[in-house]
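Throughout, protein chains are lettered first and strands after them, A, B, ... in sequence-line order, and every chain is numbered starting at 1.
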Protein chains: 2
Amino acid sequence: MPRRTDTKERMLVIAVKMVNEEGWDSLNLHRLAKKLGIKTPSLYNHCKSLEQLRHQLIYKAHDELLEALRIAADGKAGKEAIISWAHAYRKYGKNNPGLLPAIAISTDNLPPLNWDDLPEKSANELFLNEAMRILKPFKLDENEMVHILRMLRSMVHGFVVLEQSAGFGLPQDSNESFTWMMDRFFEGIAQ
Amino acid sequence: MPRRTDTKERMLVIAVKMVNEEGWDSLNLHRLAKKLGIKTPSLYNHCKSLEQLRHQLIYKAHDELLEALRIAADGKAGKEAIISWAHAYRKYGKNNPGLLPAIAISTDNLPPLNWDDLPEKSANELFLNEAMRILKPFKLDENEMVHILRMLRSMVHGFVVLEQSAGFGLPQDSNESFTWMMDRFFEGIAQ
DNA sequence: TACTATAAGCTAATGATATTAGTTTAGTCA
DNA sequence: TGACTAAACTAATATCATTAGCTTATAGTA
């Protein structure tokens, strides 16, 4: 049998797929190995443990979300950027429901991966820098900046989580609710 | 050994404790049985499976949260009720971090427990009735009522989830952020 | 080209956990 | 008292995560 050199990458891709199809909890080395066409213990050449594999997924999710947000807000600022940012967040959550628990976990408290490469900038920090840039037009002091950021993220994250787990449990269109929510948000922060 | 008649109740209480101490995922029949002073298979006299035990916890969490919210808003209406309601939600989340995933899951999609008693009113429905009552003073049409409710719940739920999982990752006081957020919310919805 | 180190895989084995089947027995009620 | 039931038990099985130790492609180097 020929040796593959891309198993690490394929492992992550397939793990994300599994998690999105079956939920964050049901990640399982046995079936993961099967899908990769290798035996379970061979996975330990690519991760230290199931827990550490989850850590890898958390880092990956943060990276991807951050990148999606960066792209969404690129070249925009103020209200336009925030709207675009919020929609990108929601879209990422819709496309990656299994990773929602992952993006709620701060990578700051995780052991570093140093598994292969990684310059290891805190995803949280990057997230904040980007947000600060977007919020500049609103001319807020630093405290308000933090509050508004927490509000925005809470709002959007909460919405996506509840939407995905059918927590809303009502027939009304949730797209409309989302737009409505963002509008109220701007009315609230524009004094 | 004397037979106990309260094992079902103790099982739930201890399960909640375990979940709050170690996280929703780490619920484990082996240790649960140990804490109850019985052997693992004996648990099957009190639940159909680990999955069904989780369902019981979800129902319980919804009931408890709902009750806490009801008490918080009791005798109040409008802004005062909503503020009180939001703080009660946050408090419940703080005291029951392990149940946060549970309260995000709609019981509507769960198989009914019919395990012992249960009049089985949808917790979601109760939640909505209560909320509608509170929001009456704002004189909103039905659609707006739904939107505002979703916004409120998203905001508060998201805040609590991110706060608990250290997702905010900043030194600023989160109590202040919470109050700030609720203030902005009212400015947003008061037109 | 041959040699060697390493990476990626394997088998075998162990331990934790969920679950089922079948049995025992304490307490309840006719 | 006697029978029923609920709550417990033991024994056994299946699924997983994990470790140890072995094998062999492949890459890089002498």
Side-chain angles (χ1 to χ4, degrees), chain A residues 1-58 60 98 101-102 110-111 113-118, chain B residues 1-59 98 101-102 110-111 113-118:
Chain A
M1 309 170 192
R3 291 299 157 83
R4 304 199 59 149
T5 57
D6 60 348
T7 308
K8 268 188 182 56
E9 292 74 19
R10 287 195 309 136
M11 176 184 75
L12 283 181
V13 169
I14 294 181
V16 166
K17 199 155 166 275
M18 282 180 66
V19 153
N20 281 329
E21 282 166 0
E22 305 162 38
W24 177 249
D25 303 343
S26 8
L27 186 59
N28 170 281
L29 294 187
H30 187 65
R31 271 175 309 132
L32 178 57
K34 200 156 199 175
K35 285 181 195 239
L36 282 164
I38 60 179
K39 302 292 176 181
T40 316
S42 305
L43 281 173
Y44 286 78
N45 288 315
H46 308 291
C47 64
K48 271 221 297 267
S49 64
L50 175 58
E51 191 191 14
Q52 197 262 358
L53 172 59
R54 291 214 173 97
H55 291 345
Q56 291 191 47
L57 290 184
I58 294 173
K60 185 178 163 70
L110 256 44
L113 286 186
N114 62 2
W115 189 252
D116 0 74
D117 27 21
L118 295 244
Chain B
M1 315 168 188
R3 292 295 157 86
R4 305 198 60 148
T5 58
D6 60 348
T7 308
K8 266 187 182 59
E9 292 74 20
R10 288 196 308 136
M11 176 184 76
L12 283 181
V13 170
I14 295 181
V16 166
K17 199 156 167 273
M18 282 180 65
V19 153
N20 281 328
E21 283 167 359
E22 306 162 37
W24 176 250
D25 303 343
S26 10
L27 185 58
N28 169 277
L29 294 186
H30 186 66
R31 272 175 308 133
L32 178 56
K34 199 154 201 175
K35 285 181 195 238
L36 282 164
I38 60 178
K39 304 292 176 180
T40 315
S42 304
L43 281 174
Y44 286 80
N45 288 314
H46 309 291
C47 64
K48 272 220 297 268
S49 64
L50 176 57
E51 191 191 16
Q52 197 262 357
L53 172 59
R54 291 214 174 99
H55 291 345
Q56 291 190 47
L57 290 184
I58 294 172
Y59 278 107
L110 255 45
L113 285 186
N114 61 3
W115 189 253
D116 0 74
D117 27 24
L118 295 246

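A:R54 and A:D25 make their closest contact through NH2-O, 3.4 Å (heavy atoms, listed as atom of the first residue, atom of the second, distance). Of all the heavy atoms in B:L29 and B:Y44, the pair that sits closest is CD1-OH, 3.4 Å. Nearest heavy-atom pair across B:A15 and B:L32 is N-CD1, 3.9 Å. Of all heavy-atom pairs spanning B:N28 and B:M18, the tightest one is O-CE, 3.9 Å. Minimum interatomic distance between A:T40 and A:H30 (heavy atoms only, all atoms of both residues): OG1-ND1, 3.6 Å.
When the C1' atom of C:dA7 is taken as reference, atom CG of A:L43 falls 15 Å away, rounded to whole Å. B:E9 places its CD atom 14 Å from the C1' atom of D:dA6, with the value rounded to the nearest Å. Remark: P of D:dT26 and CG of A:D6 are 13 Å apart, rounded to the nearest angstrom. Rounded to an integer number of Å, the gap from CG of A:L29 to P of C:dC10 is 14 Å. Regarding B:K8, its NZ atom lies at a distance of 12 Å from the C1' atom of D:dA8, rounded to whole Å. Atom CG of B:L27 and atom P of C:dA16 are 18 Å apart (whole Å). Atom C1' of nucleotide C:dG9 and atom CD1 of A:I38 are separated by 8 Å, given to the nearest angstrom. The separation between A:D25 atom CG and C:dA18 atom C1' is 16 Å, rounded to whole Å.
No N or O donor and acceptor, one from the side chain of A:N45 and one from the base of C:dA7, sit under 3.5 Å apart.
Contacts of B:S49 with the nucleic acid, taken as non-hydrogen atoms under 4.0 Å apart, involve only primed sugar atoms and P, OP1 or OP2. If you check every strand for non-hydrogen atoms under 4.0 Å, A:T7 touches sugar and phosphate atoms only.
Of the residues near DNA chain D, A:N28 and B:K39, the one whose nearest nucleotide (by heavy atom distance) lies more toward the 5' end is B:K39.
For D:dC9, one of the phosphate oxygens OP1 or OP2 lies less than 4.0 angstrom from a side-chain nitrogen or oxygen of B:S42.
A:S26 places a side-chain N or O within 3.5 Å of a backbone atom of A:E22 that can act as its donor or acceptor partner.
The A:H46 side chain lies nearest to C:dA8 when the options are C:dA8, D:dT18, C:dT17.
Checking A:D6, A:V16, A:L36 one by one against A:M11, the side chain to side chain contact (heavy atoms under 4.5 Å, CB included) holds for a single residue, A:L36.
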Apply the test side chain to side chain contact (heavy atoms under 4.5 Å, CB included) to residues B:L57 and B:L27: give CA-CA distance (whole Å), side-chain angles for both, the deciding distance (0.1 Å), then the verdict. CA-CA 11 Å; B:L57 290 184; B:L27 185 58; 3.7 Å; yes

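The side chain to side chain contact (heavy atoms under 4.5 Å, CB included) search around A:A102 returns A:W24, A:I58, A:A61, A:L99, not counting sequence neighbours.
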Show each protein N/O and nucleotides 19-22 of chain D N/O combination with a separation under 3.5 Å, one pair to a line.
none

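Within residues 10-18 of chain B, no residue places a heavy atom under 4.0 Å from DNA chain D.
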